[in-house]
Every structure is written in C-alpha cells, then in structure tokens.
4 protein chains.
Amino acid sequence: MTTKTERTARAHSSADIEPAARGRKRDHSRDADILDAALDVLAEVGAAGITMDLVAERAGAGKATIYRRWTSKAELVIDAVAHIERMQVDIEHLPDTGTLRGDLLALFRPEAMEASTRRLKIMSALASLLSADQALAEAGSAVIVKPWADAHFALMQRAVTRGEVSARADITTLSQVVPSMAAYRTLVQRKPFTLEFLLSMIDGVIMPALRICGARQPKKSDRSQT
Amino acid sequence: MTTKTERTARAHSSADIEPAARGRKRDHSRDADILDAALDVLAEVGAAGITMDLVAERAGAGKATIYRRWTSKAELVIDAVAHIERMQVDIEHLPDTGTLRGDLLALFRPEAMEASTRRLKIMSALASLLSADQALAEAGSAVIVKPWADAHFALMQRAVTRGEVSARADITTLSQVVPSMAAYRTLVQRKPFTLEFLLSMIDGVIMPALRICGARQPKKSDRSQT
Amino acid sequence: MTTKTERTARAHSSADIEPAARGRKRDHSRDADILDAALDVLAEVGAAGITMDLVAERAGAGKATIYRRWTSKAELVIDAVAHIERMQVDIEHLPDTGTLRGDLLALFRPEAMEASTRRLKIMSALASLLSADQALAEAGSAVIVKPWADAHFALMQRAVTRGEVSARADITTLSQVVPSMAAYRTLVQRKPFTLEFLLSMIDGVIMPALRICGARQPKKSDRSQT
Amino acid sequence: MTTKTERTARAHSSADIEPAARGRKRDHSRDADILDAALDVLAEVGAAGITMDLVAERAGAGKATIYRRWTSKAELVIDAVAHIERMQVDIEHLPDTGTLRGDLLALFRPEAMEASTRRLKIMSALASLLSADQALAEAGSAVIVKPWADAHFALMQRAVTRGEVSARADITTLSQVVPSMAAYRTLVQRKPFTLEFLLSMIDGVIMPALRICGARQPKKSDRSQT
DNA sequence: GCCTAACCGAGACGGTACGTCCGGTCTTTTT
DNA sequence: AAAAAGACCGGACGTACCGTCTCGGTTAGGC
C-alpha cells in the first residue's frame, strides 16, 4: 500500500522524466503525521467511529490534504495499519533457537501481539473497510499476513535444510496456516491472539504435519479456550 | 442468529405468558422475501453499497417492517448470509466414503462453493459488518464457521473410532483449520474457495497432521469431479 | 417565493389529480420553524456567516429536511426574508390621510423600517444571494419591492381619482421610485432607510413630478445626509 | 478603488520616503491582465461561480500575485467592475445638446449599456460581494453610481444656470435617481438597462419633477438613435 | 358483523459523515 | 525580490444513509 503519487509515478516507464515539478512540493512529513493521527483515532473511537474530520483535526491537517494523498478512508486506514505492521516481523533478524518449534514460538512477541485494546481496535477496523473493493482487500490482507507467512516459510525452509523436517512437507501451504488463522481470529472473530492459541496451532497442527515428534502432546490447559 | 421477537421471547422466563397478542399478526412469510432481497442487493452492489432503503425497495417492504424484525443492518445481513449458509453443510447426512480424506472432499460441493461473483460479494459483506461490535462478530463467525467445523470434527471423530487416525491427534484444533482458513480467504482476502485450495489444505496440512500416510499429491483425477 | 412542492404542484394543470400522496406527510409547520431559525441566524452572524448547519441546528432540523423544501441556501434565505416582508405592507388597509403626501408618509412605519441591526443584516444577506441565478434574482427582488410598489400605485391612483394628481402623470413609473431606491439603499449601499431619506424622495422627486404644489421646499436639514 | 500599495502609500504621511525598493519591481502591467481575466471569468461563469483560482489561471498568474495587489476577492471584483465603469461616463466631456433632456439622453450610450449577457453577469457579481462588509459596500456602490450621479448633477446645474430649470428644484436628490435605479435594476433585479427604461425615468420622473413642460411622451424618433 | 390493535408500504424526520470546493496563506523553483 | 505553480488549513457545501416516526390503509382476532 502506497500513496497516490507513488503509485502514479510507478505507472510511468522508467525512462519518463518528471517535468521539473513546479510549485510547492508536497510535504511528505505530513504523511506520517496523518497516519499516526489515524491510528490514534482508531484506538480511541474504534473502527466504527473513525472519521476523516477527526483524523484531520488530530493531524492538524485539512481534509483536502488527506484526500490529495489517499483516495478514500479505506486506503488511509489500510496504510495506517501497514504503518504499524511493518514493525512487527523483522525478516532480516529471524530468531534461531536450534529447533523449528523454538523458532516459531520466538517469533511470537507477547508485548506486541497480546490483546491490547489499541491493537484489537486497530485491526478490527481493517475488516470493515476491506470489503470496499477487491484491490483494497488484497492490499490489506497482504500487508497483514504476508510478512508473517514469509517469516514462517523461511524458518521452515531452514528446518528442512538442517534435516529437521522432511523435504516432502508442503511448507508453502503450512507457512500460511498460523498467520491466516491468527488474522481471521483477530480481524473477524475479534478474539485476542494468545499464547494458548499459538501453542494449540503449533503443537496440534504445524508440528504434527511436519512429522516432528518433539511436539508436546496437547494438554487440557492448552485447549481450555475454544 | 434469529429474529428480534424470538430473541426477546427467549429472554423472558419460561413462565412468561404472552399477553394474548391482540391485533394483526406479523406476517412471517415476509422474512424470507426480505432476506432474499438483501442477498440480491448484496450481490448487485456489493458489501459497501448495501442500503436498507435498497433492500426495502427490492423486497417491496417498508423500512419499519424490516426494523421490526431485525435491530440493525448488521443483524439483517448476518441472518441473510446464514440463510444461504444453512444449505451448505448438513450435519445429519454426512458423507461416508470409507476414508477420512474421501469424506472431507465429499463435504466440498463445487456448485455451492466455487467462486461465483454473487457468492463472493455476499460473503465479503459480512466482514465489513462484523467489526461493528463484539457480539455481532461472534454471532456472525459462528454462523459461518461453526457448522462446518462441527462436520469436520464429526468426520475426524469417526476416523479415530474406526482406527484410521491416532486418538492422540488434536482434532479439536484440526477441525477448525479448514473452515477458518476458508472463511478468511473468502471474507477478507476475497479470493474464491477452490478445489485446489481445499486439496492443498487437506493434503498439505490436515492429513499429514493426522499422520495418515495415504495422503496423495493431487492428481488430475481429483479435479475431474469439478 | 414558495416551497419546492408548492411550485411543483402549481406546474400541474388544474385537472391533475394528486396520486393519493402515500407515506408520511410533510410537516409544513416545520417550514415556519426553519424560516424563523434562518432569520435568527441571519441576524446573529450576518449574511456572510449564515450556514445551513447553523440553521438546521437552530431549527432542530436535519439538513436533509431543509433541502427537501428549498433547493439551495439562496432560496431558503429569500423565503425567510419574504416571511418578514409580508408583514410590512398591508395592501388591504392602506392609510387614508386625505392627501397623497400624508398617505405616502403614513406607509412608512419607523418601528419596522428604521435601521435595526437585525433588519439591516437580514436585508443585506439577500443581495449576496440573489446573484446565484436569474430566477432567484427576480423572485427575491419581487418579494422586496413589489408589495411596496403596489401600495404606492394604489395610493397614487386614488390621488388621481380624487383629482389631486393629473391623470397624465406616469404613476406606473413613479410608484416604483421610492421602493426601488429604498431597496438599493438598504441592500447594496447598506445605509439605513431613514425618514430624512424618505422625505427627500417624496418632496424632491415624487411630489414635484406629480405637480402637487403642496410639497414643502426642501430645507437644508433634510439634505444634511448625502 | 485602488490597489493595495497605493492605498498603503496614501496612508503614510506625505513626508514618507519609500525605502529605495530593492529587488525586482512589481510589474504593474499585470494589474490590467488580472482585471481583464476577472471580467472574463465573471462573464463566463457568473457571479456565483467566480473563483480566485479561475481568475489566476485565466490571467496566467499565481494566486499570491493577486493577493499581493488586492486584499480579497471582493476588492478585486469591485476594481474589475470599476475598470469598465470608468469608460462609461467622462465627466470632462459632457454632452451639450442645448436641452437637459437631450443631454441626459446623450449620456446614454447604447453600445455600452444595453443588455449584453456579459455586462449583466459582471454587474450582478458586485451585489453578491458588497454585502461582505460596510466599507466594501460603500466603495463598490460609489464606483458604480457616483460618477454617473455627478454627471447628472452637472447637467442639471447647467440647466439651472441657463434658466431651463427652477433653482428651487432638488437637483441633489434628483441627480441620484436614475443612477440608483439603473444600478438597482442591473445589480439586483438583473434586468437589462434599456432605452425604454431610461425614457420612462426621464419623461415620467425627472422632467416632470423639474417642472420642465417640454417633456414629451416617447416617440419612435427617440429610439431611432439606438 | 363490527371494533380495535397491530400490522403494512411509503416516505419524512433528526443526525452524522462523506468527499468536494474554495478563500486566503505559505513554500518551492524560476526569472 | 517578484513571479508561476501549487500544496496547505479551515470550514461550508449538498448528498447519502441510518434508525425512528408518522401517515393512511389493511388484516386479523375479540366482542
């Protein structure tokens, strides 16, 4: 997800020469201000209550300035969520605990993932806006799920390389299971994403499917939440 | 999800006696007309475009008539979607092909599930409304996912009973994987739910996790039934 | 100036039969509330400051309700002004002092005409809105000038009848002089309409033009204001 | 009405010395371009539609350049109208036909006054802007009415001098009648200022009020000069 | 068979957010 | 330093839609 002008620029062939760009430059430092304001508002009034006027007021911006950069409220909110999502999975510095199970659990950072009201409210706002059109839906869910699925894939790939997992395992599909289920739980069901849920997914689905026998057997306590 | 009066009635203690219901009786044959109209409108204008006025006009009903039966647009849409969902999984007559894999595939009915624009539009409308409040989110996703997850659980239970699957498998968790992933794919990502997707889930995730070695890679013959 | 539906109704031939008017009836008692609110707002914030939101809030009405009755802010304001103008000249009960000069002066009611801030603000608002389109301009100025010019014409006609004024006088033109000049002074120049101004018009223009020799000669004091 | 700097300069005491004006000199040839552009736009989109952006674009100027010369849209429009009005009455070269009636008619130049759409649109724009504040209203109507009233006064004075008109006539008031009525007709009523209107004013009001018995009823020959 | 309460379709109502437009200011690059 | 271009803030515009209420009319019971 990107701003309007970035997308326009990309539509030009690389040989295009920008026509000297007269007039006052768009102040791209306002982008971050506006996105931050959007997240603040989202966290305060929730998905249903967010308003362009509120965002504009909070950002100290005019509505026209916002609409110059994003074509609709939906685009703005998706970009805003992408803005915080970016910080969550760092594909460059994946954990390395020696076992896949340890790696997958290490990816889970309770301080970021656990149900803070702010986070839940922000995420659930997405679902209500993604249905606006097909393109938004794809952009939005890519932003949410893709980086995490990539991380899972990388960890599984490494496990295959070191022989922990059979090369015949369908890690392409398996790497999407936890991120998708987590997104569904958070966006649609609006339940918190907890360690218990993660453990039941890893030990009940992922590890068995990869035929890694080190997986603990699920205990009652792990399943106490439906 | 039920109509307003049913829910209201249930809230009363069982000793409550309805006060003899004077006046004209509510015509419950209009319920179905209104739900059908809602689905039509959803399919035509999409989730973002649906309007109570449009539904009322399409149903040839007044808005008051609709609000007498459902308290909000969200409730109406959830009920409308439940209205078609109900036809999809028949918990009373589950397939019995002899193998779990066969059973799970038999549950998939291409004519109902495969990507029709109408179906996609209808489903994606849900996501946009569920975020309105917590109660709706639970009600809505229960309607979508629960019956299907129950069916999966029943089939897996049977496979355990007949010894096809280890009793140690976490079928509670596993029975939710396909329904949830399918819902996420349809509601949020707005991609069609296809046989390919189902096969990659069953053969890449479910069957391996259940340690059933009979899982095959998808072949042409699997798709001949489409 | 009339409401939207009245005008529409009038466009029908008299043989038209209204199609039974289904649905809730428009509550025409709200018309007066809204017009009063408009006048209040006009008097408080002035012509430049009037806002549909302010009027709606003051009237306790929704904006849609206002726009259902008047197509634009201009129409509303003109109607509002007409609403008070109507009270100013009562064509049925014209004064009868015995002389035309006395009658013309008697038409002037200081308590209504003299420059109250409220009145000036309200009147000057008209000018700023009349330029919106030709039809409004005619409607607006008709509302302001017509009733007054009609009264002048009737008084002059009576003076002709009783022989006070020559039948050859162009009373059609003369009857428009004072109302038009007064409107110009009030609307465009935004000066108060005073007794001094009226006297200089009657004694410097109207009475001489009618060749009535009873007119006082203008004195310096009458002309002290330019 | 004058430009900002002229007005500013005049506010200084006459001993003020301009501070040597460093840098590029303001190009005053742009003034006329901008005023012409304003008139063009007025004529094309009407009073309600005029926009500073439109004027700037039409003039090939930046908005800042305009605001450097006029403090507001109202001032610009008034100046623009004055720009054409200036050409209409030349107080230095008043007509001299030998009779007051002839002089007054000679002041009327059909090619400038008669109803062109352009002229009407331009004039009516004034009314919408004059109500902005008291100072503008005076400035605006002075520009429109003053020069014309002065010319009438001069012609009437001459008629008094040559004995055509009684010295007792209130020529101060009478000299304002036609200009004011014409302005009202053009600005507020938006009707064309025609020869017929002028003749009815002169022969129905002015000449009778001046007790000049030579006033004729309009004949064909009066219009042959059109 | 008549009364009356609750239903029905239609649509006006109060309120709120939308996305657009414009006035007047400020910034960037060019002349 | 002034010019053209155009982004910026603030705020009003007129539209659309939600959920409620009112209208005239219809459809059941209960009398």
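Reminder, nothing fancy here: chain letters follow the sequence lines and each chain counts from 1.
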Visitor: Might you point out which heavy atoms bring Arg58(C) and Ala37(C) nearest each other, and give the distance in Å?
Guide: CG-CB, 3.5 Å
Visitor: For the side chain to side chain donor-acceptor pair (under 3.5 Å) test, which of Asp31(A), Asp27(A), Asp33(A) pairs with Ser29(A)?
Guide: Asp27(A)
Visitor: Between dG14(F), dG19(F), dA12(E), which nucleotide has the shortest distance from any of its atoms to the side chain of Tyr67(C)?
Guide: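 For Tyr67(C), the side-chain atoms sit closest to dG14(F).
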Visitor: Expressed in angstrom and rounded to an integer, what is the separation of Asp27(B) atom CG from dG29(F) atom P?
Guide: 12 Å
Visitor: Looking at every non-hydrogen atom in both residues, tell me the closest pair between Arg30(B) and Ala59(B) and how far apart they are.
Guide: NH2-O, 3.1 Å
Visitor: For the pair made of CD1 in Ile66(A) and P in dG11(F), what is the distance, rounded to whole Å?
Guide: 15 Å
Visitor: By nearest nucleotide on DNA chain F, pick out whichever of Ala61(D) and Met52(B) is the more 5' one.
Guide: Ala61(D)
Visitor: Taking the nucleotide of DNA chain E with the nearest heavy atom to each, does Arg30(C) or Gly23(A) sit closer to the 5' end?
Guide: Arg30(C)
Visitor: Give a yes/no on whether any side-chain N or O of Thr65(A) is located under 4.0 angstrom from OP1 or OP2 of dA7(F).
Guide: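 No, because none of the side-chain N or O atoms of Thr65(A) sits under 4.0 Å from OP1 or OP2 of dA7(F).
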Visitor: Side chain to side chain contact (heavy atoms under 4.5 Å, CB included) with Val55(C): which of Leu39(C), Asp40(C), Leu42(C), Leu76(C)?
Guide: Leu76(C)
Visitor: Phosphate oxygens OP1/OP2 of dA3(F): is one of them under 4.0 Å from a side-chain N or O of Arg68(D)?
Guide: yes
Visitor: Between Glu57(B) (CD) and dA12(E) (P), how many Å, whole number?
Guide: 14 Å
Visitor: In whole angstrom, give the distance that lies between atom NE2 of His28(B) and atom C1' of dA6(E).
Guide: 13 Å
Visitor: Let me know the distance between CG of Leu76(C) and C1' of dC13(F), rounded to the nearest Å.
Guide: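 The distance from CG of Leu76(C) to C1' of dC13(F) comes to 14 Å, rounded to the nearest Å.
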Visitor: Which heavy atom in Ala56(D) sits nearest to a heavy atom in Lys63(D), and how many Å separate them?
Guide: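 Looking at all heavy atoms of both residues, the shortest contact is CB-CG, 4.0 Å.
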Visitor: Need to verify one output field. Residue with the more 5' nearest nucleotide on DNA chain E, Arg24(A) or Lys63(B)?
Guide: Lys63(B)
Visitor: Would you classify Leu54(D) as touching base, sugar-phosphate or nothing, given that sugar-phosphate means primed atoms plus P, OP1 and OP2, and contacts are heavy atoms under 4.0 Å?
Guide: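 Leu54(D): no heavy atom of the nucleic acid under 4.0 Å.
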Visitor: What's the CG-P distance between Asp53(A) and dC18(E), to the nearest Å?
Guide: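 Rounding to the nearest Å, CG of Asp53(A) and P of dC18(E) are 6 Å apart.
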Visitor: Using whole Å, report how far CZ of Arg69(B) lies from P of dG19(F).
Guide: 17 Å
Visitor: Nearest whole angstrom, please: distance from the P of dG14(E) to the CZ of Arg26(C).
Guide: 12 Å
Visitor: Strictly below 4.0 Å: does Lys73(D) bring a side-chain N or O up to OP1 or OP2 of dG23(E)?
Guide: yes
Visitor: Indicate, with a heavy-atom threshold strictly under 4.0 Å, whether Ala64(B) touches base, sugar-phosphate, or nothing.
Guide: base
Visitor: Under 4.0 Å between a side-chain N or O of Lys25(B) and OP1 or OP2 of dC7(E)?
Guide: no
